[in-house]
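Heads up: the structure comes next, in C-alpha cells.
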Amino acid sequence: MMLPMDFFERPTLIVAHDMLGKFLCCSDGRALMITEVEAYDGPQDLACHAARGRTPRTEVMFGAAGHFYVYLIYGIHWMLNVVTDRKDYPAAVLIRGLEGISGPARLTKALKIDKKLNTLPAHPASGFWFEDRGTRIPSREIIKTPRIGVDYAGPEWATKPWRFLVKNGSS
DNA sequence: TAAGTGATCTCT
DNA sequence: GAGATCACTTAA
C-alpha cells in the first residue's frame with residue numbers, strides 16, 4: 001500500500017520513526033527498505049535549513065507534507081528529504097540509508113536522484129514514492145543517535161537523538 | 001585526514 | 001558580484 005500524504009502530515013519525529021521498515025519505490029521497479037533517517041524539525045531547530053528563514057531553497061519545507069526536498073551539499077552530493085508536519089511548519093526527514101546502501105549520497109546516486117525531484121510529491125507520477133509492505137521493525141531493533149555532521153548547530157541541537165536506524169539494517 | 005565541488009545565502 | 005558555508009564520500 002502506498003503511503004498517503006497524511007502519513008507525513010504528523011510530527012516529524014513520529015514520521016521519521018515510522019519510516020523505518022517502509023519502502024522507497026522507484027518507477028524502474030526497484031523497492032528498497034528504509035533503514036536510516038534523520039529528523040529536522042521546525043524553525044527553532046538550528047540544524048534545520050529552515051532555521052535561517054524562508055528562502056527559495058527552503059520554501060518547499062514550509063509547504064505541504066509528502067513532498068521531496070532535494071538539495072546539493074558540498075558541491076557534489078544530492079540529499080533526499082521528505083517534507084513532514086503541517087503546512088507552514090518547516091520540517092523534513094532526511095533519508096540516510098536504504099537496505100544495502102548506507103550513506104545519503106550513495107543512495108541518491110544509486111537511484112539517480114537529483115534536483116529534478118525537488119518539490120515534487122511522493123507519488124508514482126513523480127517517479128518515486130513510499131510503500132508499506134507489512135514489515136514491522138521491533139522497537140528494540142531501532143537505534144537512536146545524535147544526527148551526523150550538524151555540530152555547527154551548537155551542542156543543544158547537535159546532541160538531540162534524532163537519527164533513527166535499524167540494527168543491522170544496511171546488511 | 002583532507003580535498004573535491006557548486007548551489008545558496010549574506011554581505012557589499 | 002564576491003566570499004563563506006556546507007545534513008558527504010573517497011582515497012591515502
Side-chain angles (χ1 to χ4, degrees), chain A residues 7-8 10-22 24 26 30 32-86 88-122 126 128 130 142-167 169-171:
Chain A
F7 173 91
F8 300 98
R10 298 182 294 155
T12 309
L13 292 177
I14 293 175
V15 175
H17 179 278
D18 285 359
M19 282 183 75
L20 295 177
K22 300 296 186 288
L24 174 62
C26 177
R30 282 183 285 183
L32 295 165
M33 194 176 78
I34 297 168
T35 58
E36 183 179 349
V37 297
E38 279 179 10
Y40 289 86
D41 187 24
Q44 76 286 352
D45 175 5
L46 296 182
C48 180
H49 289 164
R52 310 282 282 225
R54 195 190 272 230
T55 69
R57 181 174 66 151
T58 59
E59 180 67 27
V60 61
M61 276 204 276
F62 289 82
H67 289 241
F68 291 114
Y69 169 39
V70 181
Y71 68 93
L72 191 65
I73 191 67
Y74 302 125
I76 307 178
H77 304 300
W78 295 103
M79 300 285 111
L80 176 65
N81 305 245
V82 193
V83 176
T84 59
D85 216 303
R86 64 187 185 277
D88 294 321
Y89 182 85
V93 171
L94 168 66
I95 315 278
R96 288 189 60 90
L98 300 174
E99 184 181 15
I101 307 176
S102 61
R106 306 281 305 275
L107 166 176
T108 52
K109 188 176 177 188
L111 294 173
K112 298 189 171 60
I113 288 169
D114 61 23
K115 66 179 175 189
K116 290 194 299 294
L117 197 60
N118 192 34
T119 75
L120 295 181
S126 305
F128 293 91
F130 298 97
I142 294 180
I143 300 168
K144 290 189 206 180
T145 80
R147 293 173 290 182
I148 303 297
V150 296
D151 288 346
Y152 68 91
E156 181 188 353
W157 296 100
T159 58
K160 288 197 180 296
W162 286 2
R163 172 172 176 241
F164 301 85
L165 60 154
V166 179
K167 206 169 161 182
S170 57
S171 60

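This structure is a prediction, so every number in the text was calculated from the model and none was measured. Only heavy atoms go into these numbers, but all of them, side chains included; no hydrogens, no water, no symmetry mates. Chain A is the first sequence line, chain B the second, and so forth, proteins listed ahead of strands; every chain is numbered from 1.
Dashed line: the shortest gap from a side-chain N or O of R163(A) to OP1 or OP2 of dA7(C) is not under 4.0 Å.
Listed nucleotides: dT9(C), dG4(B), dG6(B). Nearest to the side chain of I76(A): dG4(B). Which of dA7(B), dC6(C), dT9(C) sits closest to the side chain of L72(A) comes down to dA7(B). Minimum atom distance to the side chain of Y152(A) is reached by dC6(C), of the listed dC8(C), dC6(C), dG6(B).
Other residues, nucleotides and ligands contribute more than 12 heavy atoms inside 6.0 Å of the CZ atom of R10(A). Residue-environment remark: NZ (K22(A)) exceeds the threshold of 12 foreign heavy atoms within 6.0 Å.
No donor-acceptor contact under 3.5 Å links the side chain of Y71(A) to the base of dA7(B). Side-chain atoms of H49(A) and base atoms of dA7(C) include a donor and an acceptor less than 3.5 Å apart.
An aromatic stacking contact links Y40(A) with the base of dA7(C), defined here by ring centres under 5.5 Å apart and ring planes under 30° from parallel.
As judged by a 4.0 angstrom heavy-atom cut-off over every strand, A105(A) is placed among residues touching the sugar-phosphate backbone only.
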*Working for side chain to side chain contact (heavy atoms under 4.5 Å, CB included), residues V150(A) and W157(A)*: CA-CA 8 Å; V150(A) 296; W157(A) 296 100; over 6 Å; no
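Summarising the geometry, the separation between CH2 on W78(A) and C1' on dT8(B) is reported as 12 Å, rounded to the nearest angstrom.
Note on ring orientation: taking the six-membered ring where Trp is involved, the planes of F130(A) and F68(A) are tilted (angle from 30° to 60°).
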